[in-house]
Trainee: 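Handing you this structure, nothing more for now.
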Amino acid sequence: MTEDDRWDSEFDVVVAGAGGAGLAAAIEAAEAGARTVVFEKQAKIWESSTAINVGMVAFAGTDVQERLGIEDSSELLYQDLLAVGQSKNVPSLVRAYTDHQLDTYHWLTDMGVRWAEVATAAAGMSRPRGHFSDPLDMVRILKREAERRGATVLYHCAVTGLITDSRQRVIGVEMRDRVNETRVRARRGVVLATGGFARSPERLAAIDPRFVGMAATTGVGHTGDALRMAEPLGAVLRDMEYVKPSYELHVSGDSAAEICLVFYLGAIIVNRQGRRFVDESIPYKDIGMASLDQPNGVGVMVFDQKIFDRAVENTRNASSAIPSENVVSGLDAARIRLLVQAETIEELADGIGVPRRELKETVERYNDGVAGGTDTEFGRRHLSASIGDLVKIETPPFYAYEAKSHFLSTYAGLAVDDSMRVLTPAGHIPGLFAAGETIGGFHGASYHSGAAVGQALVFGRIAGRQAAQGL
Ligand SMILES: Cc1cc2nc3c(=O)[nH]c(=O)nc-3n(C[C@H](O)[C@H](O)[C@H](O)COP(=O)(O)OP(=O)(O)OC[C@H]3O[C@@H](n4cnc5c(N)ncnc54)[C@H](O)[C@@H]3O)c2cc1C
């Protein structure tokens with residue numbers, strides 16, 4: 001293939017994927033003066049993971065936190081990201097995120113993204129820093145801003161291949177729309193922002209046979225296309241060994257509306273034998289792995305009226321700015337309908353089909369531990385990561401939320417440098433950039449809540465700027 005060969009259309013920057021990373025890349029590329037096109041495989045704006053996620057983004061040092069009296073900083077966020085990633089993450093990528101996260105928060109706010117007046121504590125956080133906005137609204141705003149700067153966003157257009165020149169530089173893509181296969185030239189660069197591979201059974205099975213048949217709640221386009229296209233060019237993959245499902249989805253559920261993180265407010269999690277099996281304050285991805293070894297893969301959150309009241313209050317506080325179904329740290333009417341409720345722990349055990357004596361002993365043991373200041377079974381010290389004091393489960397009525405693990409993300413993939421260039425063992429693939437869930441190396445061994453949408457936006461912006469320079 002040479003640059004003289006026939007092209008069906010020509011742009012400076014071609015972006016694959018119209019989720020958070022792709023649209024952020026398009027805004028920056030267009031802003032830098034590049035003629036930019038975004039190709040989206042799915043037909044509708046609401047089909048990306050960014051559009052359907054629950055809307056929590058990890059930012060540190062914001063005005064919302066200041067008004068709530070929370071002291072936080074980029075440096076604390078950096079330390080937390082490395083700690084939760086067990087230092088398996090690439091420090092320069094983590095630094096690139098923490099250096100640009102606050103600027104990205106302001107960038108979004110200036111474009112019209114509205115934030116709820118709450119900062120929630122979730123996985124991996126030493127400060128409450130989960131900021132909530134309406135995710136679909138955010139995607140609409142990003143698309144509008146990309147188009148306002150002159151970018152073209154086209155749906156039902158799948159990028160199916162990368163075209164290289166004789167020096168292995170990526171100079172264009174193959175794209176399939178409803179009717180045709182076309183060749184689209186990218187004069188300066190291609191950005192892969194196609195999301196993860198939670199809907200690629202082959203790739204999941206190759207990582208862990210227990211992942212076969214598990215539910216996926218990601219955008220339906222998450223079939224690992226970027227990896228499939230870049231690997232033949234020598235792209236290196238990172239973090240594949242850390243791919244984990246998330247524990248949090250109701251056993252009957254298949255969307256974010258049935259995700260519930262009430263264990264970060266103090267619930268314990270028991271298996272079908274009525275026994276705890278994990279420290280409930282650890283990241284939900286690690287709980288997800290632990291739950292795979294439990295009977296039927298089920299873990300039941302067990303809590304009392306005090307915790308119930310806090311969860312309802314969380315929903316009330318956040319729902320001025322975001323749909324109540326997105327408040328995963330709370331309980332809305334739909335989640336409350338999924339609860340099993342009872343006046344005593346024994347009746348609750350009957351309701352969820354676990355042995356009465358086991359569940360009663362489990363709760364008593366946990367409460368004794370809380371009273372004595374130590375969870376003797378699993379060493380839980382806080383509600384979530386290093387935040388919040390443990391609370392006894394003692395105030396009736398009692399509640400149970402039966403949940404399982406599912407894939408809402410994969411968080412592993414193409415190795416990139418901090419300019420988002422796709423790396424090979426010998427260097428990088430010229431003309432090729434990647435951002436968002438399609439990359440590996442940022443999260444490391446586990447997951448800090450809110451950092452996935454965060455990195456899609458922060459790294460998407462970097463990828464767009466770099467691609468526009470044609471480096
Ligand atoms: C239910 C749920 C809840 C979540 N909650 C949170 C949360 O609260 N906080 C958080 O930080 N993260 C959360 N996540 C994860 C987070 O939403 C994603 O990791 C992040 O949005 C990924 O952004 P992205 O731009 O990489 O991918 P996406 O937003 O999915 O965009 C990728 C796009 O590429 C398209 N595509 C795929 N292949 C092709 C191709 N060949 N050609 C063209 N287009 C293609 C896809 O259709 C998709 O639209 C959640 C995810 C889910 C599913």
Side-chain angles (χ1 to χ4, degrees), residues 14-26 37-59 120 122-123 130-133 135-136 138-139 142-143 153-162 173-177 190-200 215-229 246 248-249 253-259 261 284 322 325-329 406-414 434-439 442-443 447-460 463:
V14 173
V15 180
L23 291 172
V37 67
V38 184
F39 292 129
E40 166 57 51
K41 174 162 84 168
Q42 297 305 128
K44 303 289 183 200
I45 189 171
W46 57 79
E47 295 189 270
S48 67
S49 276
T50 308
I52 61 171
N53 92 91
V54 297
M56 184 197 292
V57 196
F59 292 122
T120 297
H131 292 68
F132 282 92
S133 68
L136 181 54
M138 182 188 285
V139 174
L142 291 170
K143 176 173 180 283
V153 185
L154 297 174
Y155 289 81
H156 228 309
C157 292
V159 173
T160 53
L162 297 170
V173 302
E174 290 160 355
M175 188 276 287
R176 193 182 57 236
D177 62 18
V190 171
V191 178
L192 295 175
T194 59
F197 51 87
R199 293 179 190 268
S200 168
T217 49
T218 61
V220 289
H222 281 226
T223 47
D225 295 9
L227 279 56
R228 181 182 51 71
M229 292 186 278
S246 303
E248 60 200 358
L249 184 70
D254 60 6
S255 77
E258 294 99 18
I259 289 175
L261 301 181
Y284 41 77
I322 56 169
E325 69 191 46
N326 283 9
V327 190
V328 288
S329 60
H406 67 132
F407 277 100
L408 63 59
S409 57
T410 41
Y411 303 153
L414 302 174
E437 202 178 307
T438 203
I439 70 160
F442 170 67
H443 297 291
Y447 177 60
H448 179 297
S449 290
V453 171
Q455 73 94 337
L457 297 167
V458 170
F459 294 163

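Predicted model, so just to flag it, every value in this text is computed and none were measured. As the structure lists them, so they are numbered: ligands from 1, and atoms in each ligand from 1.
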Trainee: Take every heavy atom of A58, measure it against each atom of ligand 1, and state whether any distance is under 4.0 Å.
Mentor: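 No heavy atom of A58 comes that close to ligand 1.
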
Trainee: Ignoring hydrogens and angles, tell me if any N or O in the side chain of E258 forms a donor-acceptor pair with the backbone of G253 under 3.5 Å.
Mentor: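 Checking the backbone N and O of G253 against the side chain of E258, no donor-acceptor pair under 3.5 Å is found.
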
Trainee: Does CZ belonging to R176 count more than 12 external heavy atoms closer than 6.0 Å?
Mentor: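 Open: at most 12 neighbouring heavy atoms sit under 6.0 Å from CZ of R176.
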
Trainee: Just go through G17, G19, S246, A43 and tell me whose heavy atom is the nearest to atom 31 (O) of ligand 1.
Mentor: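 Among G17, G19, S246, A43, the closest heavy atom to atom 31 (O) of ligand 1 belongs to G19.
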
Trainee: Is it true that H222 lies under 4.0 Å from ligand 1, counting heavy atoms only?
Mentor: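 A heavy atom of H222 does come that close to ligand 1.
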
Trainee: Heavy-atom distances under 4.0 Å decide this one: backbone, side chain, both or neither, for V159 against ligand 1?
Mentor: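 Under 4.0 Å from ligand 1, V159 contributes backbone and side-chain atoms.
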
Trainee: Does the side chain to side chain contact (heavy atoms under 4.5 Å, CB included) test come out yes or no for L192 and L162, once each step is laid out?
Mentor: CA-CA 10 Å; L192 295 175; L162 297 170; 4.2 Å; yes

Trainee: Heavy atoms only: which of H406, M175, E437, E47 is nearest to atom 18 (C) of ligand 1?
Mentor: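 Considering heavy atoms of H406, M175, E437, E47, the nearest to atom 18 (C) of ligand 1 sits in E437.
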
Trainee: Within the structure, does G436 bring an N/O atom to less than 3.5 angstrom of an N/O atom in ligand 1?
Mentor: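 In this structure, G436 places no N or O atom under 3.5 Å from an N or O of ligand 1.
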
Trainee: Are any of the N or O atoms of G450 closer than 3.5 Å to those of ligand 1?
Mentor: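 Between G450 and ligand 1, an N or O pair is found under 3.5 Å apart.
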
Trainee: Just by distance, no angles: are the side chains of H222 and S49 close enough, under 3.5 Å, to form a donor-acceptor pair?
Mentor: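 There is such a pair between these side chains.
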
Trainee: Heavy-atom distance under 4.5 Å between the side chains of K41 and T223, does that happen here?
Mentor: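 Of all side-chain heavy-atom pairs linking T223 with K41, at least one is under 4.5 Å.
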
Trainee: Are any non-hydrogen side-chain atoms of V220 and E47 less than 4.5 angstrom apart?
Mentor: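 Sidechains of E47 and V220: in contact.
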
Trainee: Is it true that V57 lies under 4.0 Å from ligand 1, counting heavy atoms only?
Mentor: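 V57 does not count as a contact of ligand 1 under the 4.0 Å cut-off.
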
Trainee: Please identify which atoms of ligand 1 are closer than 4.0 Å to at least one heavy atom of T218.
Mentor: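 Answer, ordered by atom number: 53 (C).
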
Trainee: Report, one line per pair, each donor and acceptor closer than 3.5 Å where one atom sits in a side chain of residues 452-459; sequence neighbours left out.
Mentor:
| from | atom 1 | to | atom 2 | distance (Å) |
| --- | --- | --- | --- | --- |
| Q455 | OE1 | G436 | N | 3.4 |
| Q455 | NE2 | G436 | O | 2.9 |

Trainee: Short list, please: which atoms of ligand 1 are under 4.0 Å from a heavy atom of A256?
Mentor: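 The atoms of ligand 1 under 4.0 Å from a heavy atom of A256 are 1 (C).
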
Trainee: Can you name the nearest heavy-atom pair linking V153 to A18, along with the distance?
Mentor: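 Smallest heavy-atom distance, with atoms named: CG1-CB, 4.2 Å.
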
Trainee: Which atoms of ligand 1 are found less than 4.0 Å from any heavy atom of T217?
Mentor: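 Heavy-atom distances to T217 below 4.0 Å select 53 (C).
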
Trainee: Start with the C-alpha gap between E248 and V328, add the side-chain angles, then the distance that decides, and say whether side chain to side chain contact (heavy atoms under 4.5 Å, CB included) holds.
Mentor: CA-CA 9 Å; E248 60 200 358; V328 288; over 6 Å; no

Trainee: Would G219 count as a contact residue for ligand 1, given that I'm defining contact as a non-hydrogen atom of the residue lying under 4.0 Å from a ligand atom?
Mentor: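 It does not; every heavy atom stays at 4.0 Å or beyond.
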
Trainee: What residue and heavy atom of the protein are closest to atom 11 (O) of ligand 1, and at what distance?
Mentor: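 For this ligand atom, the closest protein heavy atom is V453 N, 2.8 Å.
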
Trainee: What is the closest protein heavy atom to atom 15 (C) of ligand 1, and at what distance does it sit?
Mentor: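 The closest heavy atom on the protein side is Y411 OH, 3.3 Å.
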
Trainee: For A193, take its heavy atoms, then give the atoms of ligand 1 lying under 4.0 Å from any of them.
Mentor: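 Matching atoms, with element in brackets: 32 (C), 33 (C), 34 (O).
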
Trainee: Are any of the N/O atoms in L408 less than 3.5 Å from those in ligand 1?
Mentor: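 No, L408 has no N/O under 3.5 Å of an N/O on ligand 1.
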
Trainee: Using only atom types and a distance under 3.5 Å, with no angle test, would you say the side chain of T410 pairs donor to acceptor with the backbone of F197?
Mentor: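 Yes, because the side chain of T410 sits within donor-acceptor range (under 3.5 Å) of the backbone of F197.
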
Trainee: Going by the order shown, which atoms of ligand 1 are within less than 4.0 Å of some heavy atom of G195?
Mentor: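 In order of numbering, the contacting atoms are 26 (O), 27 (O), 32 (C).
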
Trainee: Sub-3.5 Å donor-acceptor pair from the side chain of S409 to the main-chain atoms of Y411, do we have one?
Mentor: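 Not at all, since once roles are kept as given, no pair shorter than 3.5 Å links the two residues.
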
Trainee: Looking at CG of L23 and CD of E40, how far apart are the two atoms once the value is rounded to the nearest 0.5 Å?
Mentor: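 Result: 8.5 Å between the selected atoms.
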
Trainee: Output the list of atoms in ligand 1 that are nearer than 4.0 Å to some heavy atom of A451, sorted by atom number.
Mentor: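 The list of qualifying atoms is 11 (O).
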
Trainee: For ligand 1, find out whether one of its N or O atoms is nearer than 3.5 Å to an N or O atom of M56.
Mentor: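 Such a contact does occur with ligand 1.
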
Trainee: Considering the heavy atoms of C157, write down every atom of ligand 1 situated less than 4.0 Å from one of them.
Mentor: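 The atoms of ligand 1 under 4.0 Å from a heavy atom of C157 are 43 (C).
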
Trainee: What protein heavy atom is closest to atom 45 (C) of ligand 1, reported as residue, atom name and distance in Å?
Mentor: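 In this structure, atom 45 (C) of ligand 1 has K41 CB, 3.5 Å as its nearest protein heavy atom.
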
Trainee: Indicate yes or no: does an N/O atom of G22 lie under 3.5 Å from an N/O atom of ligand 1?
Mentor: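 No - when backbone and side-chain N and O of G22 are compared with those of ligand 1, no distance drops under 3.5 Å.
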
Trainee: By number and element, which atoms of ligand 1 are closer than 4.0 Å to a non-hydrogen atom of Q42?
Mentor: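 Atoms satisfying the 4.0 Å criterion: 47 (O).
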
Trainee: Applying a heavy-atom cut-off of 4.0 Å, say which part of A456 lies close to ligand 1: side chain, backbone, both or neither.
Mentor: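 A456 to ligand 1: side-chain contact only, backbone stays beyond 4.0 Å.
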
Trainee: Write out the residue and atom name of the closest protein heavy atom to atom 25 (O) of ligand 1, then the distance separating them to 0.1 Å.
Mentor: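 So the nearest neighbour among protein heavy atoms is A21 N, 2.9 Å.
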
Trainee: Quick test: of every protein heavy atom, which one is nearest to atom 39 (C) of ligand 1, and how far off is it to 0.1 Å?
Mentor: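 Ranked first by proximity to atom 39 (C) of ligand 1 is T194 CG2, 3.5 Å.
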
Trainee: Do S255 and T217 pass the side chain to side chain contact (heavy atoms under 4.5 Å, CB included) test, and can you show the C-alpha distance, the side-chain angles, and the key distance before you say yes or no?
Mentor: CA-CA 6 Å; S255 77; T217 49; 5.5 Å; no

Trainee: May I ask you to check whether S409 has an N/O atom sitting below 3.5 Å from an N/O atom of ligand 1?
Mentor: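 No; the residue has no nitrogen or oxygen that sits under 3.5 Å from a nitrogen or oxygen of the ligand.
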
Trainee: Taking K44's backbone N and O only, do any of them form a donor-acceptor pair with Q42's side chain (distance below 3.5 Å, no angle check)?
Mentor: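 No, because the side chain of Q42 does not come within donor-acceptor range (under 3.5 Å) of the backbone of K44.
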
Trainee: Note the single closest protein heavy atom to atom 35 (C) of ligand 1, along with its residue, its atom name and the distance in Å.
Mentor: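 Checked against all protein heavy atoms, atom 35 (C) of ligand 1 sits closest to E40 OE1, 3.2 Å.
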
Trainee: What closest approach, in Å, do T194 and A226 show between heavy atoms, and which atom pair accounts for it?
Mentor: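 Reported closest heavy-atom pair: OG1-CB, 3.1 Å.
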
Trainee: At a 4.0 Å cut-off, with the gap strictly under it, does some heavy atom of Y447 reach an atom of ligand 1?
Mentor: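 Under 4.0 Å: yes for Y447.
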
Trainee: Any non-hydrogen side-chain atom of I259 less than 4.5 Å from a side-chain atom of L408?
Mentor: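 The answer is yes; the side chains approach within 4.5 Å.
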
Trainee: Output all residues satisfying side chain to side chain donor-acceptor pair (under 3.5 Å) with S133, sequence neighbours left out; order by chain, then residue number.
Mentor: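 For S133 there are no side chain to side chain donor-acceptor pair (under 3.5 Å) partners, ignoring immediate neighbours.
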
Trainee: Identify the protein heavy atom lying closest to atom 8 (O) of ligand 1, giving its residue, its atom name and the separation to 0.1 Å.
Mentor: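 For this ligand atom, the closest protein heavy atom is V54 CG2, 2.9 Å.
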
Trainee: How long is the gap from CG on D225 to OG1 on T438, to the nearest 0.5 Å?
Mentor: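 Spacing of CG (D225) from OG1 (T438) equals 8.5 Å.
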
Trainee: Given N53, L154, I439, T50, which has its nearest heavy atom closest to atom 6 (C) of ligand 1?
Mentor: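 Checking each option, the heavy atom nearest atom 6 (C) of ligand 1 is found in N53.
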
